[in-house]
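Note that the coordinates shown come from a computational prediction; the quantities given were computed from them, not determined experimentally. Note that ligands are numbered from 1 as they come in the structure, with each ligand's atoms numbered from 1 the same way.
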Amino acid sequence: MRIQAIITEGKGSFVLDEVTLQPPQADEVLLEMKASGVCHTDYDCMCMWKDRAPRAEDFLRVGPRSSTYIMGHEGAGIVLQVGENVNHVKPGDRVLLNWAIPCGQCFQCLRSAENICENRRSLPDERFDWRGRKINTSFALGTMATHALVPRQAVVKIDNEISFAEACILGCAVMTGFGSVVNAAKVTPGSTVVVLGCGGVGLSVIQGAVYCGATTILAVDIAAARLDMAMRFGATTTLLADTADRGLQQAALKVRSMTGGRGADYCFECTAIPALGPAPLAFTRSGGTAVGVSGIEQSIPFDMELFEWDKTYLNPLYGQCRPTRDFPLLLKLHSENRLKLREMVTRTYPLDGLSEAFSDMRAGRIAKGVLVMNA
Ligand SMILES: [Zn+2]
Ligand SMILES: [Zn+2]
């Protein structure tokens, strides 16, 4: 079938164009897409090969082979057609997509670490044809399109009351932030939690800390508007950081004095600013836990003294998501009005509004932007 999709070659630009999809094979699902979240990762992947050639590890993100691919990895929609081995969803079901698509059989999956599956599912590029070329899909999903063809393990059924725009952000920002608190750090009731950066992921960390019963949730950001939002999501105190405060050292000293000189029990880094990779350690007490949530990968100098004493630095991928455990919990919390999602989707855009969505996101004007198809 012919669909409309946003395609990039990873050199800093994209086009909205027609792609031909093959029908779903045995383990595949065809969806009509209704919403796709817009994520910093989408922007980074779009620029990945601007200044360098593709490397093998890049294809973990964008798919198995081709360096041209359909963008987007945060999706929700309606099942149109399923292959013969698919029995957990049927045509007409409302679903969200999960980008860490577990095989269910490898070493990591068998120890329940499905987020770091060693044999992540993806589809062969023969399924997607763009101007006579075989192409990939971002994270084996390709949600920025009118339709998507995905592995069955990526598809999670959702209830009727949640909107597609709310559901799609569960499958990345919300899962990453919430899961880093609940699954990875396992924040205990009564704790003091510091959150560095209050975008979509940071706000999800705050919601996770509220869920865990943290009593002090201290939000740090350089934008006053984001701190206002943090308070609405459950932060108890805010600290406006100075852009000149390198490594957030001054902010860390302030937090230390606010916590009786000891430091916080937990600190979560959600800024995606490479220089702030070590920062959460500076806010954390001896024996406490620092968590890198934003997935910084750059090479940066690291003062080992920051680990003193007995501190732990966790670097969870995707909030250690186990899809069958975590999405039912998040959907339940949403249905009980204990998870703010609508409030997180600051703005929606049509499929041809991605440029505007990227510029709003990069200017920090929105917590989360979502493309809404056929609205
Ligand atoms: Zn994302
Ligand atoms: Zn696996």
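- Atom CG of Asp51 sits in a sparse spot, with 12 or fewer heavy atoms from other residues, nucleotides or ligands closer than 6.0 Å.
- Around the Zn ion (ligand 1), protein N, O or S atoms at less than 2.8 Å comprise Cys39 SG, His73 NE2, Glu74 OE2, Cys172 SG.
- Around the Zn ion (ligand 2), the protein atoms of type N, O or S found under 2.8 Å away are Cys103 SG, Cys106 SG, Cys109 SG, Cys117 SG, listed by chain and number.
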Expected list for residues 300-309: side-chain donor-acceptor pairs under 3.5 angstrom, two or more places apart:
from: Asp303; atom 1: OD1; to: Glu305; atom 2: N; distance (Å): 2.9

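- Salt-bridge check for Lys134 with Glu126: failed, with every basic side-chain N at 4.0 Å or more from each acidic carboxylate O.
- Side-chain atoms of Glu166 and Ser163 form a donor-acceptor pair, as typed in the model, at a separation below 3.5 Å.
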Ignoring hydrogens and angles, write down the donor-acceptor pairs under 3.5 Å from the side chains of residues 197-220, residues two or more places apart or on other chains.
from: Ser204; atom 1: OG; to: Gly200; atom 2: O; distance (Å): 2.8
from: Gln207; atom 1: OE1; to: Lys340; atom 2: N; distance (Å): 2.7
from: Gln207; atom 1: NE2; to: Lys340; atom 2: O; distance (Å): 2.8
from: Thr215; atom 1: OG1; to: Gly190; atom 2: O; distance (Å): 3.0

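- Of the residues listed (Asn98, Ile116, Asp326, Asn183), the one engaging Tyr318 in a side-chain contact (heavy atoms from CB on, under 4.5 Å) is Asn98, and it is the only one.
- Salt-bridge formation is not detected for the pair Asp125/Arg133: no Lys NZ or Arg NE/NH1/NH2 atom is positioned less than 4.0 Å from an Asp or Glu carboxylate oxygen.
- Ring orientation note: the planes of Phe14 and Phe358 are nearly perpendicular, at an angle over 60° on the 30°/60° scale.
- Checked options Ile7, Thr20, Leu149; the residue passing with Phe128 is Leu149 (criterion: side-chain contact (heavy atoms from CB on, under 4.5 Å)).
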